[in-house]
Amino acid sequence: MLKSKTFVKKTRSGGVRKIVREHYLRDDIWCGSEVCQSCPQDSTVLQRNAYMESSLCSSPHYLIPDTNVVLHQIDILEDPLIRNVIILQTVLQEVRHRSAPVYKRIKDAIHNAEKHFYTFTNEHHRETYVEQEQGESAAELHDRTIRVAAQWYTEHLKKAQTAEDLKVILLTHDGKCKEKAEEIGLVSYNCEEYIKSLIANPELVDRLALKSEENNESDRGKILFPEHLPLSKIQAGIKSGRLLQGTFRANRDNYLEASVFVHRDGEEDVEVLIQGLRSLNRAVHQDVVAVELLPKSEWAAPSSVVLEDEGPKEDENEDEKENILKSVASEKMLKPTGRVVGIIKRNWRPYCGMLSKSHIKEATKHLFTPADRRIPRIRIETRQASALEGQRIIVAIDGWPKNSRYPNGHFVRNLGSAGDKGTETEVLLLEHDVPHQAFSQAVLGFLPKMPWSITEEDMKNREDLRHLHVCSVDPPGCTDIDDALHCKDLENGNLEVGVHIADVSHFIRPGNALDQESASRGTTVYLCERRIDMVPELLSSNLCSLRSNVERLAFSCIWEVNHNAEIVKTRFTKSVINSKASLTYAEAQMRIDDASMNDEITKSLRGLNRLAKILKKKRIENGALTLSSPEVRFHIDSETHDPIDMQTKELKDTNSMVEEFMLLANISVAQKIYEEFPEFALLRKHPAPPPSNYDILVKAAKSKSFELRTDSAKALADSLDAARAQGFPYFNTLLRILATRCMMQAVYFCSGMDSDFHHYGLASPIYTHFTSPIRRYADIIVHRLLAAAIGADSTYPDLMDKHKQAALSNNLNYRHKMAQYAQRASVAFHTQLFFKSRGILNEEGFILFVKKNAIVILIPKYGLEGRVFFENKDKNNPRLTFIEEIPALTVEHHTFHLFDKVKVTISLDSSNIQHQKIRMSLVEPVIPGVSVSPQSAQDCEPEAKKTKLDC
Amino acid sequence: NMAGLELLSDQGYRLDGRKPSELRKVQARMGVFAQGDGSAYIEQGNTKALAVVYGPHEVRGSRGKALHDRAVINCQFSMATFSTAERKRRPHGDRKSSEVSQHLKQTFEAAILTQLYPRSQIDIYVKILQSDGGNYSASVNAATLAVIDAGIPLRDYVCACSAGFVEDTPLADLCHAEEAGGGTVLSLALLPQGGQIALLQMDARLHQDHLDTLMEAAMTACRSLSTVLDRVVREHLQEVTTLTAE
C-alpha cells in the first residue's frame with residue numbers, strides 16, 4: 001500500500017524554533033495524462049489531443065505555469081481556450097500563501113472538468129522530490145523544483161511514445177529560470193511570448209497582464225509619485241506611532257481628495273484627509289494603507305468642490321487644480337491631513353466601466369473609465385479598441401508604477417453595449433457583488449429527480465394536512481410562493497390558524513454543494529424585470545412553491561387563538577398540504593368584500609382578516625412603527641420590455657393580513673428556537689437608532705409646529721400619528737418617509753454572540769425570519785433549528801457552532817445589503833429608461849430636504865427623488881442664504897422650506913453615458929433667472945399609498 | 001504566512017504526504033534495556049517513546065495500597081526535556097503528564113490479567129524522547145511491547161491510535177501539526193481481537209454524527225498497528241530463540 005522513505009524537512013520559523021516534519025515520498029502518484037500507459041491510474045484529466053495552434057510549438061502540448069504566471073496571468077489561465085495545464089503542488093501552495101483570491105480562482109479552474117487542469121503532487125513524488133542544496137535560496141529551490149517536475153513530465157511522456165509527439169511547455173516570467181530550463185533540455189517560453197504565438201486566438205493577448213513594464217520603468221518618463229515604503233518600515237512606523245494604518249476611501253466627487261479611516265484599539269476612529277495626487281500616492285479605493293500625518297500648520301478642510309478627472313491631456317495644470325482644493329477655511333473646519341507613504345494591502349478587484357479610446361488611431365494603449373467614480377482611470381493595452389468602444393467592459397489592475405499617472409491594467413471581459421438593458425443589469429449585479437451565474441452541475445446534481453412525488457419515507461415525522469382549506473395570497477405573477485394560510489373554527493369556540501411555509505430544508509440538505517451555493521447567495525435578488533434565484537428554479541418555482549391543487553411539503557405553525565386574537569396554544573409540525581387556491585391580494589380582497597361568496601376559502605379569509613386587524617392594532621399599541629417609503633413598480637411592455645408606466649405600489653387590506661400572520665409566525669418561531677437553543681438561535685434584531693439620527697425629523701415636524709417625541713418607539717409612533725396637518729394630507733406620509741431614513745439596518749445575528757435582541761421597528765423583544773425560505777437563506781437555517789427543536793430532523797455540527805453561525809450571519813447581512821442596493825440601482829435605471837421614452841415631463845412634488853446649494857424633491861406620483869441645484873459652473877449664480885437651524889434656503893427673494901410644494905420638469909441627462917441621471921429643474925415658484933418655463937403641459941395628480949418598511 | 005497550513009489537499013494528501021487513513025512509519029524493538037524486567041522502544045514517525053516494565057513484584061511503599069485479588073498497576077509517564085521544539089521546564093509531574101499517566105494506568109488495568117498476581121505491583125515507566133503528536137498512543141504501544149517483553153500475560157495487544165477530523169474526512173495517526181491545527185482529536189486504545197475499547201479520550205467538542213466515523217477510523221488504525229506490533233514480537237522471539245539455541 002505504502003512504500004515510503006522518511007525524509008526530514010527542516011524549517012526555521014521565528015528564528016529559534018526548529019520544526020521537524022516528516023515528508024513521505026510515494027510511488028503511487030500518477031501523471032494524469034490520457035496517453036500514459038505506465039501509470040495504473042483510474043481516471044485521467046489531461047487529454048490526448050491537447051492541440052493549440054501556436055507558431056512556437058506545432059505539436060500538442062501541456063502547459064506548466066510557474067507561480068508568478070499563475071499569480072499574474074490568472075485571467076489568461078481562466079480563459080476557456082486554455083486547457084490541459086499541469087498545476088504543480090509547489091506552485092499551488094505558493095499561490096495559496098501569496099494571494100487568497102487567486103488561489104480560489106485557480107482552484108475553481110482545477111475543479112472545472114472542461115478545463116482539464118491537473119494538480120500534480122510533485123513534492124511527494126519519489127522522482128520529483130528536490131532537496132535544498134547548500135547555499136541555495138528558497139526562491140532558487142522553488143524554481144528548481146518546478147523545473148525538475150517539468151523535466152520528469154517531459155521524459156515520462158516521451159516513454160508513452162504517442163503518434164502526436166506530446167510536448168510539455170514550461171511557462172515562466174523569469175529569464176534566468178527560462179535559461180536554466182533550456183539548459184536541461186526543456187521547452188520553456190515567456191507567458192507573453194506564448195500567448196502571442198497562438199495563431200487562432202489573437203484576442204487572448206488583451207487579457208495578458210502588463211507585467212514587463214515594471215522592469216524597465218526607470219528608463220522612461222519622469223517620476224510622478226514618491227516611492228512606497230517597504231512593509232518592514234511600515235510595520236516599524238506603525239509600532240512607533242509615526243505612521244497610521246487605515247482603509248483608503250476615495251472621494252466620489254473629487255478625484256484629488258480621499259480620506260483614510262484609521263481604527264485603533266481603545267481609541268476613537270480618526271479620519272485622515274488626503275489631498276493632491278502626490279499625497280494620494282497611487283492608493284486605490286478600499287486599499288489598506290499607511291499614512292503619515294502632516295504638521296498641524298498644513299492641515300486642511302475638505303473642499304466641497306466637484307472635480308472630475310478629465311483625461312490624460314492636461315498633465316501640466318494638475319498643480320493648479322490642487323490649489324483649488326486649498327479653500328479658505330476657518331480654524332474649526334481643519335481636519336487631520338496626511339499623505340500615503342505605503343500600501344499594506346491592495347484590495348483591487350475587476351472593475352466595470354468603459355473604454356475612452358485614444359485619439360491616435362493606431363494607438364494600442366487606451367484609458368479605461370470605471371463606472372465607480374472612486375476608482376482612477378486605468379491604462380490598458382488592446383488592439384480591439386474600436387470594437388470595445390461603447391461597450392461595457394471589465395478591466396483588472398496589474399500595477400501602478402511610480403512614473404505613471406494611471407495604473408496599468410488589462411482587459412478581462414466584454415459585457416455588451418452600454419445602455420443595453422441586459423448589459424446594464426449585468427453591470428449592476430457585478431458592481432454589487434451579486435452572485436448571478438447559472439447554477440453549476442455540481443449544485444444541480446443535488447436536486448430531486450423528476451418526476452417527483454411524495455414517498456412513504458417523506459411522510460415520516462410529518463402530519464397530513466391535505467384536508468385543510470389552505471390558500472396562498474401573493475402579488476400578481478408570483479411564482480415562488482413560500483407561504484399559505486388557513487383558519488377554521490374549533491369545537492370549543494376558539495379558532496385554529498395555520499401558517500404553512502414551504503419546506504425548503506427538506507430538499508436542501510446541510511453541507512452539500514446546493515446548500516453551500518444557497519448560503520453563499522444568501523438571498524434572492526429581485527430586479528425590475530429579473531429575478532436572481534437563491535435556489536435553482538426547479539425548487540423555487542415548482543417543488544417548493546406552494547401552488548394550488550398540488551401536494552407540497554410544508555413546515556406549519558399552528559395556533560389555537562380565541563376571538564380576541566390571544567394565543568392559547570402554539571405548535572409546530574412538518575406537514576403535507578394541498579393548497580386550494582393561489583390568490584392575488586386583489587382577488588383575496590374581492591372574496592372578502594363579496595357578501596355572496598361563502599365557500600370555505602372565503603370564510604377562512606374573512607376569519608384571518610378579522611384576526612389580523614386585531615393583531616395589528618395590538619402591535620401598534622405596543623409601539624410598532626408604521627413607516628413609509630415610496631416603492632415603485634413598472635408596467636413593462638410585453639414586447640420591447642421597456643417600461644411604459646410607473647406607479648407606486650399599492651397596498652390593500654389583504655397585504656397587511658398576510659404580513660400580520662407572517663410576523664406572528666416569525667415571533668413564535670423565534671421564541672421556540674431560542675428556548676431550545678439559547679446559544680445557537682439565528683435571530684434578527686433591529687437596534688434603536690441613536691437620538692441624533694432624529695434631528696432632521698424633529699426639525700421637519702417643528703416647521704409645521706408639531707412636536708415629535710423620539711425617546712421610545714411608542715412615543716414616536718404616537719406623535720407621528722398625531723402629526724396631521726389641515727389641508728395637507730400628504731404631510732404625514734412625508735414625515736414617515738423621513739422617519740424611515742433615520743432608522744438603523746435590521747441584521748441577523750447568532751443568539752450566543754449577542755445580548756441585545758430587541759426589534760425596534762416591530763416592538764418585539766425577539767424576532768427571526770421563518771416565512772420565506774425560498775428566497776432567504778436565514779429562513780432555511782431557522783427551519784433546520786426548528787425541525788431539530790421539535791425532533792423532526794437531526795442537528796449537524798455547523799448548526800451547533802456559534803462562530804460559524806456568526807460568520808454566516810455576516811455574509812447574509814452583507815448579501816441583503818448589496819441586494820437592496822442592487823434593487824435600488826435597478827429601479828433607478830428603469831426610471832431613467834422610462835423618462836428617456838417620455839421626454840420631458842412636468843410634475844408636482846414636495847421638498848424632502850433643504851441643502852446648502854440645492855433642494856431635494858420627492859415626486860409622489862413616481863416615488864422619484866431628485867435634486868434641483870441652484871449653483872452652476874458656467875452661469876451666474878443666484879444669491880443663496882442657507883439657515884441650517886430651520887432649515888431653510890433663500891434663493892434671491894424666495895425662501896424654500898421643508899415640505900413646500902413645487903413644480904419641476906423632469907428629463908434625462910445622458911451627457912455622461914456611464915452615469916445617466918434624472919435632471920430636475922424648477923418651474924414653480926417662478927424665480928427669475930432660476931426657474932424654467934414648463935415644457936409640455938401634462939396633468940398631474942399627486943397620489944401615493946403607504947408602503948411598509950421591509951422588516 | 002496569512003493562510004494557515006492546509007491539512008488535507010484536494011488531491012487527498014496530508015501535510016507529510018500520507019493519505020487520510022495511512023499510518024506513520026512504525027519501527028520498534030523489544031528488550032532494549034537490561035535493567036528492567038521488560039522494555040521496548042518505538043518510533044511512530046517522529047514520535048519516539050521508551051517503555052520499561054518492572055514486576056510483578058511485591059508492593060513497595062505503604063502496604064495499604066495492595067489489593068487482595070489482583071495486582072496494582074503503577075504508571076509513570078514523562079517527557080524528556082529535549083522532546084519538544086521548545087525546551088520543557090518540568091519533564092514530569094505536570095498536569096498533562098499526570099493525566100497521561102492516569103490514562104495509561106486505566107488502559108493497562110483493562111489489558112493485563114491482573115488477577116493472576118494478587119497483592120503485587122507492576123510498574124510501567126514511559127518516557128517520550130521526541131514528541132510529534134500522538135504521545136499517548138506511542139506510550140501505549142511501547143508499553144504493550146514492554147509488558148510482553150516482561151512476560152506478563154495480556155488479554156490481547158493493546159494498540160492505541162489518534163484520529164482527527166478535517167473537512168468531514170477522518171485522519172488517522174495525527175502528527176503534531178495536525179493535532180495543533182485541526183479540530184477535535186480522539187485517542188483510542190483497542191484490544192483488537194475482541195474489539196473491546198480499553199480507553200477512549202477526547203477533549204474538544206465533536207458533533208455526535210461524526211463520532212462513529214471518527215471512532216471507526218481510529219479502530220481501523222489500531223488494527224493495522226496491532227499487525228505491526230505482532231510482527232515485531234514474532235521477530236523478537238525468533239531472534240531470542242535462535243540466540244538461546246546457540
Side-chain angles (χ1 to χ4, degrees), chain A residues 1-14 16-26 28-30 32 45 87 89 92-100 103-104 106-107 110-111 117-126 129 345 510-512 794-801, chain B residues 1-6 8-27 43-48 82-87 130-134 165 167-168 172-178 180-181 183-184 204-211 213-214 224 227-228:
Chain A
M1 169 186 73
L2 164 78
K3 193 179 168 200
S4 74
K5 278 185 195 169
T6 312
F7 274 74
V8 174
K9 206 170 139 188
K10 290 171 192 157
T11 49
R12 271 168 197 280
S13 77
V16 278
R17 226 162 165 207
K18 180 162 146 194
I19 293 167
V20 182
R21 269 196 216 130
E22 279 183 292
H23 193 92
Y24 289 92
L25 300 186
R26 319 182 62 103
D28 62 350
I29 296 172
W30 317 128
V45 176
I87 304 289
Q89 174 201 17
L92 198 61
Q93 290 300 326
E94 187 62 17
V95 169
R96 184 168 177 272
H97 283 304
R98 302 256 291 270
S99 164
Y103 180 64
K104 165 137 202 323
I106 191 76
K107 266 180 77 159
I110 293 168
H111 286 303
F117 274 38
Y118 180 69
T119 318
F120 182 60
T121 312
N122 61 316
E123 290 187 30
H124 291 291
H125 192 285
R126 204 173 48 169
Y129 174 71
K345 186 169 177 280
N512 65 27
S794 53
T795 63
Y796 58 98
D798 286 2
L799 194 65
M800 298 292 124
D801 182 329
Chain B
N1 245 315
M2 49 183 196
L5 292 166
E6 189 183 42
L8 187 67
S9 74
D10 284 351
Q11 291 68 47
Y13 296 109
R14 293 157 68 174
L15 281 175
D16 50 13
R18 284 183 288 157
K19 293 257 175 76
S21 62
E22 287 172 353
L23 301 177
R24 290 179 287 179
K25 189 175 173 71
V26 181
Q27 279 181 308
E43 285 182 11
Q44 287 188 264
N46 279 332
T47 301
K48 299 171 185 173
F82 48 81
S83 63
T84 46
E86 264 164 274
R87 184 71 59 88
Q130 191 178 333
S131 162
D132 186 25
F165 228 60
E167 284 157 27
D168 296 347
D173 193 16
L174 305 182
C175 69
H176 175 69
E178 289 168 334
T184 311
R205 288 157 58 101
L206 180 78
H207 195 274
Q208 196 183 343
D209 291 2
H210 290 160
L211 187 63
T213 24
L214 196 54
S224 342
T227 51
V228 178

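All values below come from the heavy atoms of this structure, side chains included, with hydrogens, waters and symmetry mates left out. Throughout, protein chains are lettered first and strands after them, A, B, ... in sequence-line order, and every chain is numbered starting at 1.
- Among all heavy-atom pairs drawn from Thr795(A) and Asp209(B), the shortest one is O-OD2, 3.4 Å.
- Counting heavy-atom pairs closer than 4.5 Å to chain B, the top-ranked of the candidates Ile29(A), Ile110(A), Leu799(A) is Ile29(A).
- The part of Gln93(A) that comes within reach of chain B is its side chain, from C-beta onward, which places non-hydrogen atoms under 4.5 angstrom from that chain.
- The side-chain heavy atoms of Gln208(B) and Tyr796(A), taken from C-beta on, include no pair separated by under 4.5 Å.
- Between Glu22(A) and Leu15(B) there is no side-chain heavy-atom pair separated by less than 4.5 Å.
- Both the backbone and the side chain of Thr119(A) come within contact range of chain B, each with at least one heavy atom under 4.5 Å from a heavy atom of that chain.
- Defined by atom type and a distance below 3.5 Å, a donor-acceptor pair is present between the side-chain atoms of Glu6(B) and Tyr103(A).
- Ranked by heavy-atom pairs shorter than 4.5 Å toward chain B, the options Asp801(A), Leu92(A), Asp798(A), Thr121(A) are led by Thr121(A).
- The pair Asp16(B)-Arg21(A) does not count as a salt bridge, with every side-chain nitrogen at least 4.0 angstrom from each carboxylate oxygen.
- Here the straight-line distance linking atom CD of Glu123(A) with atom OH of Tyr13(B) works out to 13.0 Å at 0.5 Å rounding.
- The shortest side-chain heavy-atom distance between Arg24(B) and Tyr24(A) falls under the 4.5 Å cut-off.
- With rounding to the nearest 0.5 Å, the separation of NE2 in His23(A) from CZ in Arg18(B) is 13.0 Å.
- For Glu22(B) and Arg26(A), the salt-bridge test passes: some basic side-chain N is under 4.0 Å from an acidic carboxylate O.
- The part of Arg205(B) that comes within reach of chain A is its side chain, from C-beta onward, which places non-hydrogen atoms under 4.5 angstrom from that chain.
- At least one side-chain heavy atom of Pro797(A) sits under 4.5 Å from a side-chain heavy atom of His210(B).
- With salt bridges taken as basic N to acidic carboxylate O contacts below 4.0 Å, one links Lys19(B) and Asp28(A).
- Proximity of Asp10(B) to His111(A): side-chain heavy atoms (C-beta onward) are separated by under 4.5 Å at one or more points.
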